[in-house]
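Read through the structure below, which is laid out as structure tokens, and then see the notes.
We number each residue from 1, following the sequence as shown.
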Amino acid sequence: MLFFVASIVISSVTAPNGPFATPYSSDAVVRQYLRTDPAALHRSLQLSSLLQMLSALALLAFIPWLTDFVARHGTSVRAGVVRAMGTTSAVLLVLSASGGWLLSMLGSSAELSVARALMDLAFITGAAPAIGTLGLALWVVSRTALTSRTLPVWAGWSGLVLAAASVLSLLSLVAEPATVLIPFGRYGGFAWFTGVSLTLWRRATPAALPATDAHVGRSTHQPSTTA
């Protein structure tokens with residue numbers, strides 16, 4: 001979460017002045033975006049690509065924890081879905097970051113069609129598809145939490161709502177208004193995973209001290225076997 005948010009902030013700060021181009025922008029806007037300040041665009045795209053790549057790697061490290069949670073409190077089939085969808089989401093983020101890096105290397109020298117293709121690649125992989133696949137993993141985790149009652153009720157139901165919004169963000173591939181679901185699913189999911197992680201981390205306080213005290217007590221009152 002921190003890596004991805006940092007990529008957005010740094011990209012906004014270092015990006016060249018002028019309109020920001022998206023896959024829905026006109027050719028004129030894309031040309032202006034590429035040619036306003038090539039050096040600033042190169043730096044901005046490379047920094048954001050690096051941070052998004054680190055975010056994807058962190059997600060890959062987090063998925064086994066989610067998979068283990070579902071395997072312990074749900075079923076192996078559900079755990080397999082979480083592993084597959086979470087890994088797919090991370091791979092899509094890697095592809096998106098790679099597309100941004102390639103665009104940074106071409107910059108203003110890129111043909112308009114090539115630049116638009118790379119922008120579309122970054123969008124088609126890093127936006128709705130990455131969020132939608134992670135949303136499926138979030139749905140399974142939330143359902144497991146509700147049925148096993150291992151998490152607070154608010155976590156289970158809010159997770160289902162965020163998962164549904166994440167999957168519905170795939171509609172942005174055919175309808176631009178559905179893009180509003182992309183930040184809702186992405187940043188809402190970030191907040192959900194953070195809150196749940198902190199909740200489980202607080203529950204994981206070791207209880208070794210009472211066991212040690214009990215063992216000491218038994219040793220103290222153990223009768224002597226010496227004649």
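Residue Ser169 comes nearest to Ala128 through the heavy atom pair O-CB, 3.3 Å, listed as atom of the first residue, atom of the second, then distance. Closest heavy-atom contact between Ala137 and Gly86: CB-N, 4.3 Å. Residues Thr125 and Ala122 approach most closely at OG1-O, 3.4 Å, considering heavy atoms. Closest approach of Ile124 and Leu173 over heavy atoms only: CD1-CD2, 3.3 Å.
No more than 12 heavy atoms of other residues, nucleotides or ligands sit less than 6.0 Å from atom CZ of Arg35.
Two residues are said to be in side-chain contact when any heavy atoms from C-beta on lie closer than 4.5 Å; Leu66 and Phe193 meet this criterion. Between Thr147 and Arg78, some side-chain heavy-atom pair lies under the 4.5 Å cut-off. Within the 4.5 Å cutoff, no side-chain heavy atoms of Trp139 are placed close to those of Met85. With a 4.5 Å cut-off on side-chain heavy atoms, Thr179 and Tyr24 count as touching. Leu34 is listed as a side-chain neighbour of Leu103, based on a closest heavy-atom distance under 4.5 Å. The closest side-chain heavy-atom distance from Met53 to Val94 is below 4.5 Å.
The backbone N or O of Leu45 sits nowhere less than 3.5 Å from a side-chain atom of Ser104 that would complete a donor-acceptor pair. Judged by distance alone, the side chain of Ser55 and the main-chain N or O of Leu51 form no donor-acceptor pair under 3.5 Å.
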Return all side-chain donor-acceptor pairs below 3.5 angstrom for residues 12-21, not counting sequence neighbours, or 'none' if the list is empty.
{"unit_1": "Ser12", "atom_1": "OG", "unit_2": "Ile8", "atom_2": "O", "d": "2.9"}
{"unit_1": "Thr14", "atom_1": "OG1", "unit_2": "Ile10", "atom_2": "O", "d": "2.7"}
{"unit_1": "Thr14", "atom_1": "OG1", "unit_2": "Ser44", "atom_2": "OG", "d": "3.3"}

Please list, one pair per line, the donor and acceptor atoms closer than 3.5 Å that link side chains of residues 154-168 to other protein atoms, with sequence neighbours excluded.
{"unit_1": "Ser158", "atom_1": "OG", "unit_2": "Trp154", "atom_2": "O", "d": "2.6"}
{"unit_1": "Ser158", "atom_1": "OG", "unit_2": "Ala155", "atom_2": "O", "d": "3.3"}
{"unit_1": "Ser158", "atom_1": "OG", "unit_2": "Trp192", "atom_2": "NE1", "d": "3.4"}
{"unit_1": "Ser166", "atom_1": "OG", "unit_2": "Leu162", "atom_2": "O", "d": "2.8"}

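With rounding to the nearest 0.5 angstrom, the CD1 atom of Ile131 is 8.5 Å from the OH atom of Tyr187. Ile182 CD1 to Leu170 CG: the interatomic distance, rounded to the nearest 0.5 Å, is 9.0 Å. Rounded to the nearest 0.5 angstrom, Gln32 CD and Ser26 OG are separated by 9.0 Å. With rounding to the nearest 0.5 angstrom, the CD atom of Gln52 is 8.0 Å from the OG atom of Ser11. The structure places CG of Leu50 at 8.5 Å from CZ of Phe3, a figure rounded to the nearest 0.5 Å. The structure places CG of Leu106 at 6.0 Å from CG of Leu118, a figure rounded to the nearest 0.5 Å.
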Check against side chain to side chain contact (heavy atoms under 4.5 Å, CB included), Leu198 and Thr194 = CA-CA 6 Å; Leu198 291 175; Thr194 301; 4.2 Å; yes
Could you walk me through whether Ser25 and Thr22 pass the side-chain hydrogen bond (donor to acceptor under 3.5 Å, both in side chains) test, one step at a time?
-> CA-CA 5 Å; Ser25 301; Thr22 71; 3.3 Å; yes
Begin from the C-alpha positions of Val70 and Val140 and carry the test side chain to side chain contact (heavy atoms under 4.5 Å, CB included) through to its verdict.
-> CA-CA 8 Å; Val70 174; Val140 175; 4.2 Å; yes
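A chain of hydrophobic side-chain contacts below 4.5 Å, direct or via other Ile, Leu, Val, Met, Phe, Trp or Tyr residues, connects Val81 to Trp65. Under a hydrophobic clustering in which Ile, Leu, Val, Met, Phe, Trp and Tyr are joined whenever their side-chain heavy atoms come within less than 4.5 Å, directly or via other members, Leu2 and Leu59 fall into the same cluster. Note on Leu102 and Tyr33: same hydrophobic cluster, where clusters join Ile, Leu, Val, Met, Phe, Trp and Tyr whose side-chain heavy atoms are under 4.5 Å apart, directly or indirectly. Note: the hydrophobic cluster containing Val29 does not contain Met119 (ILVMFWY, side chain heavy atoms under 4.5 Å, direct or indirect links). One hydrophobic cluster, built from ILVMFWY side chains closer than 4.5 Å, holds both Val114 and Leu41.
Taking the charged nitrogens against the carboxylate oxygens, Arg116 and Asp120 have no contact shorter than 4.0 Å, which rules out a salt bridge.
Between His73 and Phe69, the ring planes lie tilted relative to each other; the angle falls in the 30° to 60° range.
Listed by first and then second residue, the side-chain hydrogen bond (donor to acceptor under 3.5 Å, both in side chains) pairs involving residues 80-96 amount to none (not counting sequence neighbours).
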